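To keep things clear, I will list the structure first and then write my remarks on it.
Reckoned from all heavy atoms, side chains included, excluding hydrogens, waters and symmetry mates. Numbers here simply count residues along the sequence, with the first being 1. None of these values were measured; they are calculated from a predicted model.
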Amino acid sequence: MDDHGRGPGPRPEGGGDVPPAGAPPGPLPYEGVWRFTAPAVDVSVPQARHAVRDLLARQGVPISDDLVQGLLLIVSELVTNAVRHAALLSPMLAVEVAVGAEWVRVSVEDNHPYRPTALEADHGQTGGRGLLLVREIAAEAGGVCDVEHTASGGKVIWAALPLKPTQA
């Protein structure tokens with residue numbers, strides 16, 4: 001079902017369901033939902049990041065460079081976590097990008113049942129803070145992130161950021 005990027009994910013205040021006065025009805029040209037799968041291997045991390053970057057550019061999403069960089073870092077962290085921690089039980093992962101009129105959401109799904117939590121910074125440890133970083137990037141941009149179980153027993157980790165159109 002194509003919901004034109006207006007799926008069940010979070011929305012900025014006002015919901016974005018009703019077009020503002022004077023706005024054309026219907027989805028904007030860049031709105032939509034795109035999903036791709038990849039093997040849970042190291043090379044999928046940069047491939048996923050490049051695929052998301054290229055998709056945003058190809059669709060003409062009005063997004064600032066800073067927000068793109070934050071979004072790409074989120075994609076890198078989430079795919080890396082799936083590769084490192086879920087590959088044994090989930091040899092494939094899925095990346096989804098949903099773009100609405102006022103927000104962009106990225107998610108990574110795998111079939112591993114473990115639901116991760118954001119760890120606090122342990123300065124003596126390298127790694128282990130990917131989800132904490134994702135939450136910080138999302139919060140700084142005014143967005144949200146969460147982890148949900150899937151019907152198949154796996155999980156999806158997502159982050160939604162408000163679109164702040166670039167000024168022309």
Supply the atom-to-atom distance [X] [atom1] to [Y] [atom2], rounded to the nearest 0.5 angstrom.
X	Y	atom1	atom2	value
L132	E77	CG	CD	10.0 Å
R135	C145	CZ	SG	5.0 Å
N81	D110	CG	CG	9.5 Å
I137	D66	CD1	CG	12.0 Å

Same cluster (ILVMFWY, side-chain, under 4.5 Å), [X] and [Y]:
X	Y	result
L72	V97	yes
L71	L131	yes
I157	F36	yes
M92	L78	no
I74	L133	yes

What verdict does the side-chain contact (heavy atoms from CB on, under 4.5 Å) test give for E96 and V33, after you've listed the backbone C-alpha separation in whole Å, the side-chain angles of each residue and the deciding distance to 0.1 Å?
CA-CA 7 Å; E96 184 173 280; V33 178; 3.7 Å; yes
Quick one: does V83's side chain get under 4.5 Å of P39's, heavy atoms only?
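They are not in contact (no side-chain heavy atoms under 4.5 Å apart), so the answer is no.
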Tell me, do V95 and V79 make a side-chain contact under 4.5 Å, heavy atoms counted?
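Yes, at least one pair of side-chain atoms sits under 4.5 Å.
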Closest approach of [X] and [Y], non-hydrogen atoms and distance?
X	Y	result
L67	P162	CD2-O, 3.3 Å
W34	Y30	CH2-O, 3.4 Å
A40	L93	CA-CD2, 3.9 Å
H112	A86	CB-CB, 3.5 Å

Do the side chain of [X] and the main chain of [Y] share a donor and acceptor less than 3.5 angstrom apart?
X	Y	result
E31	A101	yes
T37	A94	no
S90	N111	yes
K155	E109	no

Would one find more than 12 heavy atoms of other residues, nucleotides or ligands at under 6.0 Å from atom CG of D146?
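For D146, atom CG is crowded (more than 12 foreign heavy atoms under 6.0 Å).
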Test E148 against W158 for side chain to side chain donor-acceptor pair (under 3.5 Å), laying out the working first.
CA-CA 8 Å; E148 299 172 356; W158 57 267; 3.0 Å; yes
How is the hydrophobic cluster of V43 composed, in terms of its other members, when Ile, Leu, Val, Met, Phe, Trp and Tyr link through side-chain heavy atoms under 4.5 Å apart, directly or indirectly?
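Hydrophobic cluster check, V43: joined to V41.
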Per-pair distances, 0.1 Å, donor-acceptor, side chain in residues 45-57, under 3.5 Å, sequence neighbours excluded:
from : atom 1 : to  : atom 2 : distance (Å)
R49  : NH1    : S76 : OG     : 2.7
H50  : ND1    : R53 : NH1    : 3.0
H50  : ND1    : R53 : NH2    : 3.3

